[in-house]
Amino acid sequence: MKLVTWNVNSVRARLERVVAYFRKAAPDVACLQETKIVDADFPVEAFRELGYHATFHGQKTYNGVAILSREAPADVVRGMQDGDPDADARLLAVTVAGMSVVDVYVPNGQEVGSPKYDFKLRWLARLRAFLDKNFRKEQPLVVCGDFNVAPEDRDVWDAEKWRGQVLFSEPEKAALKQVSDFGLIDALREKNQDSGVYTWWDYRNGSFPRGWGLRIDHFLMSAALIGRLRAVTVERDERKGPNPSDHAPVVAELESPA
DNA sequence: ATGGCTACTCCTAGTAGA
């Protein structure tokens, strides 16, 4: 069982690369973020030809999440449904392959102290409430996506430069921990203690070839799934070459359920 | 070389991303 999370930075601009990656990696379930496309225009056919059901929650220009799955998903939930007046398409939840899958695109936050930063912290608090309301920590549950938070020094290419900055400020780390404290484990860290494992590199300044990256895309899994976890890897090669997303896919491989 | 921003919009400049 192969799960992928990938911020594609426009599924339309990235379609050729995304299709090529799906052919090569053949994920069973893939969560995409920043699709930047309205539902009416989602490239359903391109994924159908690859053998995937497409479930999506998008909007014009910004945000947007999608789940591609070999099996047809059930229990589709678009957005947190918590009454908060927030039109952003940033969360999509389904049941598929015997597990609950929550695909999230956490707000970027722009700058510490800005209104968008406050929105980000509130959004993460709402995510915890969404989990409390809809799931139990004992069930097979994966919450994955672009969290826009690097949890630890080893997840940042220059921790001193980034300390206190957006993506690496203490309130953001605390808000992410509140989400994990539902009963979820950072799957990559279950299998890999290395520093320098990054999932995003700025388009500017030659950040990728210089190794200037951050680990901000995560798989958070309940114990039931961690028990089946074989490996978590970052598909760094997908950041290379023409027209890359600024994020690389992250892959989690699970044993079949007992 | 893995390479120096990119994608979007009632578009050619401004906004947002991270």
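Per chain, numbering begins at 1; letters A, B, ... match sequence-line order.
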Q.
Between B:dC10 and B:dT15, how many Å separate the two P atoms, rounded to a whole number?
A. 14 Å
**Q.** N or O in side chain of A:Asn205 less than 4.0 angstrom from B:dC5 OP1/OP2
**A.** yes
(Q) Check this one for me: any side-chain N or O of A:Ser10 less than 4.0 Å away from OP1 or OP2 of B:dC8? (A) yes
Q.
Is there a side-chain contact between A:Arg204 and the phosphate of B:dG3, meaning an N or O under 4.0 Å from OP1 or OP2?
A. no
Q.
With syn defined as a glycosidic angle within 90° of 0 and anti as the rest, where does B:dC10 land?
A. anti
Q: Rounded to whole angstrom, note down the P distance from B:dG3 over to B:dA7.
A: 14 Å
Q) With respect to the side chain of A:Phe208, which nucleotide from B:dT6, B:dG17, B:dT2 is positioned closest? A) B:dT2
Q) Any idea which heavy atoms bring A:Trp157 and A:Gly211 closest together, and the distance? A) CB-O, 3.5 Å
Q.
Checking the side chain of A:Tyr21 only, and the main-chain atoms of A:Glu16 only, is there a donor and an acceptor separated by less than 3.5 Å?
A. no
Q: Check the distance between B:dG3's P and A:Arg239's CZ and give it to me in whole angstrom.
A: 8 Å
Q.
Taking only the C1' atom of each, what is the distance from B:dC11 to B:dT6 in whole angstrom?
A. 15 Å
Q) Reckon A:Lys36 has a side-chain N or O less than 4.0 Å from the OP1 or OP2 of B:dT9? A) no
